[in-house]
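Data first, discussion second: the structure below is written as structure tokens.
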There are 2 protein chains.
Amino acid sequence: MKDLKLIIDNYLPLRDVVFITLREAILKGEIEPGERLMEISLAEKLGVSRTPIREAIRKLELEGLVIMTPRKGAVVAEITLKDLRDVLEVRKNLEKMAVELACQKATEEDIMELKQSHQKFIENMSNPDLTELAEADVRFHDVIYRITDNKRLIQILNNLREQMYRYRLEYIKDEKQRSILVHEHAQIIQAIENKDITKAKEFSENHINNQEKTIAAKLTS
Amino acid sequence: MKDLKLIIDNYLPLRDVVFITLREAILKGEIEPGERLMEISLAEKLGVSRTPIREAIRKLELEGLVIMTPRKGAVVAEITLKDLRDVLEVRKNLEKMAVELACQKATEEDIMELKQSHQKFIENMSNPDLTELAEADVRFHDVIYRITDNKRLIQILNNLREQMYRYRLEYIKDEKQRSILVHEHAQIIQAIENKDITKAKEFSENHINNQEKTIAAKLTS
DNA sequence: GATTTGCATTTTGTATACATTGTACAATAT
DNA sequence: ATATTGTACAATGTATACAAAATGCAAATC
């Protein structure tokens, strides 16, 4: 485990600070799957007491990022290729649901916002900082999610996306993939604007399938 | 808030016992939406210290059953009709996904198991204890979930179902509804056996729609 | 009378102490 | 040599103590 540093925010309770810190460390792979999360050593590393650590671990547990065995402690959950496929299978379905709802509910302003976030993405295309680009991608999808006006759907999609956080850079590393991505986004926007549910779902499915391929390729290598 | 009693299980840590107890109390409506969850009073009521209470609340928070405001504490989340519709909208989609996967993956034994759990449900039809019947219904759906062989899907569906726990008795109270339910289950089994995805999804959608109607009727009354 | 200020109380946030359980390893018995 | 048991140690589980913030209310001020 690398050195951990608290992402300090005075307005947040320590448990949330610890939670965010640990989650990020796990998703980035800084704490590896299978590694034990020991309360005392984490408390020392982060300079807080065991209490906030424990409460953070409880949350990680419910998110499925760590596995608890009573009296033995927490270990970072292993993620198998099967797990990832499961996540993507559900996500594909819900993304299709999201664009369907977007087709039905999107206003003129919503379409505008979609186009703007798409534009922002394009502007970042040549940005060497891939993190920026990845976040522009996230924001694009966030706009679609918001349009669905379904809190539960948004919550679940955000969680599923989080599960794949550590692979988020993979599918935008490649220049060719990136232009495909832009094209797919454009297609989706167009379909939503035309309120063409069938097409929107088709493009969306395609979009996720491409991600799946890239990630699967990365994992089996 | 009624008296709470711990659901004691010597093999579970107190935090989990408290978590299960509080969750059930919230879902059953024994602790009402808007009500505050105060650590000290809960600790006294349940006869444990604040620590397990706090850890249980952290989990309830992530499940969306309570809302935390830093330095102010936890209150039971209000559930609006809109929230329920959101839940059902997502659930409908994922239930359809589940039966589709079931059509593709079900073995002979799986079909047998489905029929058995369906039979058990029928046997409980005249059981005056509605809880038993409700649980037989749950077990039927569990079989379908298991057949999908998608952990993430199962986890999300279980969570969504939990959100509706407090209404689970509504749609089996009525004798007429009950026979409809049985018929719908039979239809779904048949479609899965025939590997007829279209029909299976159709029946499944219908099944959820009926629940939605019953619950909506209950709520708007 | 309305508003503000200050204090007491309550409640949550965090740290620490104590209890219990699990683990590793060595010593002993078979 | 293997199995078993006992013991020390380490980690988690639980309780409690202390700190800090929020709340309610009363007194003071305008």
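Reminder, nothing fancy here: chain letters follow the sequence lines and each chain counts from 1. Computed from heavy atoms alone, side chains included, the values below leave out hydrogens, waters and symmetry copies.
- Under 3.5 Å, the side chain of B:Arg50 and the base of D:dT16 form no donor-acceptor pair of N or O atoms.
- Going from atom CZ of A:Arg58 over to atom P of C:dT14 covers 16 Å, rounded to whole Å.
- Of the listed nucleotides (C:dA15, D:dG13, C:dG13), D:dG13 has the atom at the smallest distance from the side chain of B:Pro13.
- Atom-to-atom, CG of A:Leu46 to C1' of C:dG13 comes out at 17 Å; the value is rounded to the nearest Å.
- The CD-P distance, from A:Glu39 to D:dT14, rounds to 11 Å in whole Å.
- Residue A:Ser49 places at least one side-chain N or O closer than 4.0 Å to OP1 or OP2 of C:dA15.
- At whole-Å resolution of the value, CD1 in B:Ile53 and P in C:dT12 are 11 Å apart.
- Atom CD of B:Glu35 and atom P of C:dT11 are 14 Å apart (whole Å).
- Using a 4.5 Å heavy-atom cutoff, the side chains of B:Leu42 and B:Leu37 are in contact.
- Remark: A:Leu153 CG to A:Met97 CE distance equals 5.0 Å, nearest 0.5 Å.
- Nearest nucleotide to the B:Val48 side chain, out of D:dA15, C:dT11, D:dT12: D:dA15.
- At a threshold of 4.0 angstrom between heavy atoms, the contacts of A:Arg54 include nucleobase atoms, whether or not backbone atoms are also involved.
- A:Tyr145 and A:Gln155 are not linked by any side-chain donor-acceptor pair at a separation below 3.5 angstrom, with hydrogens and angles left out of the test.
- Between A:Pro70 and A:Arg15, the residue anchored closer to the 5' end of DNA chain C is A:Arg15, taking for each the nucleotide with the nearest heavy atom.
- Of the candidates C:dT11, D:dG13, C:dT14, the closest approach to any side-chain atom of B:Arg36 belongs to C:dT11.
- To the nearest 0.5 Å, atom OG1 of residue A:Thr51 and atom CD of residue B:Glu55 are 8.5 Å apart.
- Here CD of A:Glu162 is found 10.5 Å from CD1 of A:Ile26. Values are rounded to the nearest 0.5 Å.
- For A:Lys72 and D:dA10, the shortest distance from a side-chain N or O to OP1 or OP2 is not below 4.0 Å.
- The CZ atom of A:Phe19 sits 16 Å away from the P atom of C:dG13 (whole-angstrom rounding).
- Between the CG atom of B:Leu12 and the C1' atom of D:dG13 there is a distance of 13 Å, given to the nearest Å.
- For C:dT20, the OP1/OP2 oxygens have no side-chain nitrogen or oxygen of A:Arg71 closer than 4.0 Å.
- Atom CD of A:Glu55 is separated from atom P of C:dT14 by 8 Å (rounded to the nearest Å).
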